[in-house]
Structure formats: structure tokens, C-alpha cells
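Here is the structure we will look at.
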Amino acid sequence: MLKLFRYLTRRDWGLMGVSFGFILLQIWLDLALPDYMSEITALVQSPDSPMSTIVSAGGKMILCAVGSLLAAVVVSVCIARIAAAFGARLRLGLFDRVQAFSMEEIGRFSTASLITRSTNDVTQVTKAVAMGVQVVLKAPLTATWAIIKIANKNWQWTVSTAAAIGILLTLVAITMFIVLPKFKRLQLLTDDLNRVTRENLSGIRVVHAYNAEQYQEDKFKQANDTLTKTSLSAVRTLACMMPNLQFVLSGLSLAIYWIGAILINRAGAPAEKIAIFSDMIVFSAYAMQVVMSFIMLVVLFIILPRAQVSAKRIREVLETEPALRDGARTDGEQEKRGEVEFRHVTFRYPDAEEAVLHDLNFTVRQGQTLAFIGATGSGKSTAANLIPRFYDVTDGEVLVDGVDVRDYTQEALHNKLGYVSQKAVLFGGTIRSNVAYGENGGEPPSEEEIHAAITTAQASDFVDALTDGLDGYVAQGGTNLSGGQKQRLSIARAVCRRPEILIFDDSFSALDYKTDRALRETLDRECADATRIIVAQRIGTIRDADQIVVLDEGRVAGIGTHKELMASCEVYRQIAYSQLSKEELE
């Protein structure tokens, strides 16, 4: 957990210094109270003591108590600011790190776990910091200072206090041994609960369509019950510790007064009895301060195990180096602008036994259209996803503008591309913010460019029909739009970047044949200088491509135009005849 303290700034350390000063003041004032109590006890026992002296000592006690309260308020405000700022920087650090992750790291942690680590785990660590800074600074100082004050009072009382502290530490050690594994499991179960909840919410339409509400409810109940039982088990263990602590505290008070009663009874002169009684009152107050200091540490130990687990999980994310390292190139070879080449590309997903792609070789030049087609699972989308470097190739090279994609900075590479994912992704906001989304190494697109991109994507009909036009509302995930509308806006977003290379990963599937054809014709006209790479299932979408790469179980079954493949590639012919009649193909 200490490794996360690098997220504390100079200002935080300054506030911590102020807190330390006020904690010292608070301790001094708290430990001054027993001295005044002893003085008042002695004055009350003396018949010649004037009332004004007693009132004066009582007034000083009140001032010490009020001063301690004000110092505690200042400390609490400072620590709250430190903890809040620390938590904010931790969340930002996690978000920045996750932004740099490739799909490999995202898959390793899982989306649900990353969400838990950025929320619940950060909260646990922040709570530990908020309480821990005060306790770690205050408890040892209070205990040490109080022990110094009572060290020369009476050895019997000192032994009683030491025994109470020994019992406290033993109880804490046993409790932590039992609780720590449960807290580790608790965070994993929280991940699982988030996963089930997220899965249910994202697939709610399918759940309703299949009347699977009870199945999902049972699934959630199982995850929730397991989390609840583990949490209750940990809480019960901790709950058992508090009565034991109270028992030790009460037992220490009883021991001090019992020993004091014996010592007073043995004393001879009344003055000696008064002195022992006064010492007993003072020792009792200081001993309570010592034991309360240890109880404060115990409360910290209750929070600390879960915070340690959370801190470890946060560090796992922060210390994970992205598998994709930035290169140094920001531009490619000018004479090969817009060119994409696969050289003996083989790819295997992390931890997979078999390669998904085997020895792919082809080149597409600026202004041309290359299409991937093949059976489901043949590796079409995987091949397309190697161009923006969502994964690195296992063997071979993928070149953009004559340069290996691994040699580019990721920002420079992505600025060359307009990518439309297989699942249309829209963000909460407006039509305008979604189409003009992201950066392309230059000025934000103008109103005319946004309108032109929407027209090219065949989306102007429904955008113009909206009351607010470009300022029309888009819900998170585009849930207020149809599948075809979302796809067209996703295509408009890619076109609006005016990239060198446009990648369409099965992005026309929700479009009717008429819109599909109109869109491709407009792309040929308006984006003639851009290289277009299309992943598709429909022959009609790709039959006019300059090159068609037919994939069969990750291997190239044929490369050529539609006419060439119909003559030479059996796999392509089977796909074609399964979709269109012979007359339609001719």
C-alpha cells in the first residue's frame, strides 16, 4: 500500500505536516487533563484549599478539552482533503493506465474487475488513508507519551497495563489471521457480482425476449448470496473482537482500582493515602489513553486488511506494462501513402494453442478497395484488427504506408485510420459530438464537414428529420437509435476524419441492400483517395472490390476480383451460390 503513496503531492505532504502539528497539540492537551484532575483531587482532599484555586484548575481542564476538540477538527479537515485528492488521483491513474491497455490486458483483467478496481477498491484504500494517517500519527505518540508519564508511578499498575496491551495484540493477530483471506475473496466476489449485473443490463433485451428473468435472477442471487455470506463471516469475526477489547479495557480499569484499593488500605498516614489515591486517578486516566491508543490501532487493523487487498489489486493494474509499445515513427513513406501490406502474417491470441491466421500475404494500394470474406470464425475481423494494432502479429509484419505498424507511435498510426467496429459504438451526447468524435492531428471538423460525412454515410434522412438536427440527443450506447442508424453514424464518424485508410469491420450488416449500394457508391466518389478495407458476409457488399481475400480457417483460400474468384476459388463460389442465384451473380 505504501507504493501508492507516490500519488500524494507536495501539497498533500504539507497538509500532513499541518495535521501532525495539530495532532501533537491535541495529544499534549489530552494528556494535560489527568494532571489537572490530580491537582483538583488533591485540592478537594485538603481542607485549606480555596475554591478559586479549584475553579481555576477546572477552567484549565475545560480549556484543554475545547482546545483538543478544535485541534481534532482541523486534523479531520486536513486529512479529509488529503484522502479525497489521493482517491481522485488514484482513479485518474487507473483510467489513464487502462486507456493504454491493449485488448490483451483488458481481457486478462476483465471489464467487471477493472470497474471494481477503479471504484470499490479505490474507496477502500481512501478510507484506510483517511483513518490511517490520523491513527498512525496519533496512537503511537499518545501511547509513548502516556507511558513516559506513568512509568515511575507503580510497578503493579505498569504490569497490569502491559498485560492488557499483550492481550490486545494477541486478539488482533488472531483476528487478522482469520479475516485477511476472507477479505481477499470478498473483492473477487465483488468482481463477480459486477460481472453478472453488467451482463444482465447489457443483454436486457435478450433476457426479456426469452423470458429469462428468473434465470438471471437466480444467477444474480447466487453471486449475491455468496458475497453476502463471505461478508457476514468476515464482519462476525471482527464483531467478536470489539466486545473482547471492551472486556480488556474494563478489566484494566478494575485491576488498577483493585490494586489501588489494596495499596491505600496498606498505607498508614492519611497524606500517604491521599497521594496513592491521586496517583491511582492519574494512572487510570493515562492507562486508558494507552489502551485507547492501541484500540485505535485495532480499528485501523480492521480496515487495513481489505485496504491491503484493494491496494494490491490497484497496483496490479498500475504496474502492468501494456503489451503494445509505442514506436518512434510519426509518418510513413510518402510514395506508399495509403498502402496496406501483410507480409507472412501469422497471429495467435494470447494463451491460445492454435494460430487464428496463417501466413497472410497481400497488398492494397491507395484508392483501392480490399475485402475479406469467409465463413464465421475464419479470421476476417482478426485480420482487420491487426491494422490499427489492437493486437500485435505473432509472426510477420503489417505495413501501413510502407512502415511496420509497430514502428509508429499509436497516435500517429490511428490518425491515419478511420475505423468502424463490428458492433456500432456510440457515446452519450449529440449527433454532432459523435460524428466529430476524437482527434485526427488537426483542427476539429467544421459544420460543413460533419454534414458531408453524414450525407456520405446515408444518414442525412433521419438526422435532418430530428428537431434539433446535429444537436439531436444520443443516449449512452445509442439505445434511442436503430441498428442501421447507429451503423451509419459510426461510418459518418470514420469518414469525417478524412483518413488515409478506412476499415469497415462488417459495418454494413444492418443496412438494407439499397442503402448498402448507395453508401458504397458514395464512398467510391467522396473517398476516392482513401484505401478501403471491408470485412463483410454479403457478396453484394464486396463484389465490386479491387481485391477480395477469401479466408478459410485462417488461411488464404484465394485472392482476386469477384470474376477471378468465381472462376478459380471453390470456397468463394460456395459462399456466392449460397447467397445469390447464378443469374444474379452474372
Side-chain angles (χ1 to χ4, degrees), residues 8 11-44 49 52-83 128-155 157-158 160-162 164-165 168-169 245 248-249 252-253 256-257 260 275-301:
L8 292 172
R11 182 186 178 191
D12 294 334
W13 288 110
L15 285 173
M16 207 171 291
V18 172
S19 301
F20 182 69
F22 276 95
I23 284 173
L24 285 176
L25 175 61
Q26 185 184 1
I27 294 171
W28 180 77
L29 291 170
D30 286 341
L31 295 181
L33 287 170
D35 292 333
Y36 289 117
M37 189 184 302
S38 175
E39 182 182 342
I40 292 171
T41 303
L43 288 170
V44 169
S49 301
S52 59
T53 308
I54 297 173
V55 171
S56 174
K60 290 175 182 177
M61 282 187 70
I62 293 172
L63 288 175
C64 286
V66 172
S68 176
L69 173 64
L70 294 176
V73 170
V74 173
V75 171
S76 297
V77 170
C78 291
I79 297 301
R81 291 180 68 88
I82 292 170
V129 169
M131 181 169 287
V133 171
Q134 294 188 67
V135 173
V136 168
L137 292 176
K138 186 178 180 182
L141 289 172
T142 303
T144 304
W145 204 333
I147 288 170
I148 291 171
K149 280 183 170 284
I150 63 176
N152 61 346
K153 294 291 182 184
N154 185 286
W155 69 268
W157 288 332
T158 303
S160 301
T161 306
I165 292 171
L168 279 175
L169 295 178
L245 296 180
V248 171
L249 192 61
L252 178 60
S253 298
I256 290 171
Y257 286 115
I276 294 173
F277 179 77
S278 179
D279 286 346
M280 182 180 69
I281 296 296
V282 173
F283 194 99
S284 176
Y286 283 132
M288 290 305 105
Q289 292 280 5
V290 173
V291 175
M292 287 303 296
S293 298
F294 279 95
I295 287 178
M296 281 195 293
L297 287 173
V298 167
V299 173
L300 176 62
F301 288 143

Worksheet item: At their closest point, which heavy atom of Val18 faces which heavy atom of Cys78, and how far apart are they?
Response: CG1-SG, 4.2 Å

Practice prompt. Nearest 0.5 Å please: distance from the OG atom of Ser19 over to the CD atom of Gln26.
Written response: 11.0 Å

Practice prompt. Check Ala71 against Leu25 and note the closest heavy-atom contact, atom names and distance.
Written response: CB-CD2, 4.4 Å

Practice prompt. To the nearest 0.5 Å, tell me how far Arg81 CZ sits from Ser76 OG.
Written response: 14.0 Å

Worksheet item: Less than 4.5 Å apart, any side-chain heavy atom of Met16 and any of Leu8?
Response: yes

Discussion item. Are there over 12 heavy-atom neighbours, none belonging to Met61, within less than 6.0 Å of that residue's CE?
Written reply: yes

Worksheet item: Which heavy atom of Phe22 sits nearest a heavy atom of Val75, and at what distance?
Response: CB-CG2, 3.6 Å

Worksheet item: Considering all heavy atoms of both residues, which atom of Ile79 and which atom of Val129 are nearest to each other, and what is their separation?
Response: CG2-O, 4.3 Å

Discussion item. Just verifying a value: how many Å separate Ile82 CD1 and Leu15 CG, rounded to the nearest 0.5 Å?
Written reply: 5.0 Å

Worksheet item: Under 3.5 Å, side chain of Ser68 to main-chain N/O of Cys64, donor-acceptor pair present?
Response: no

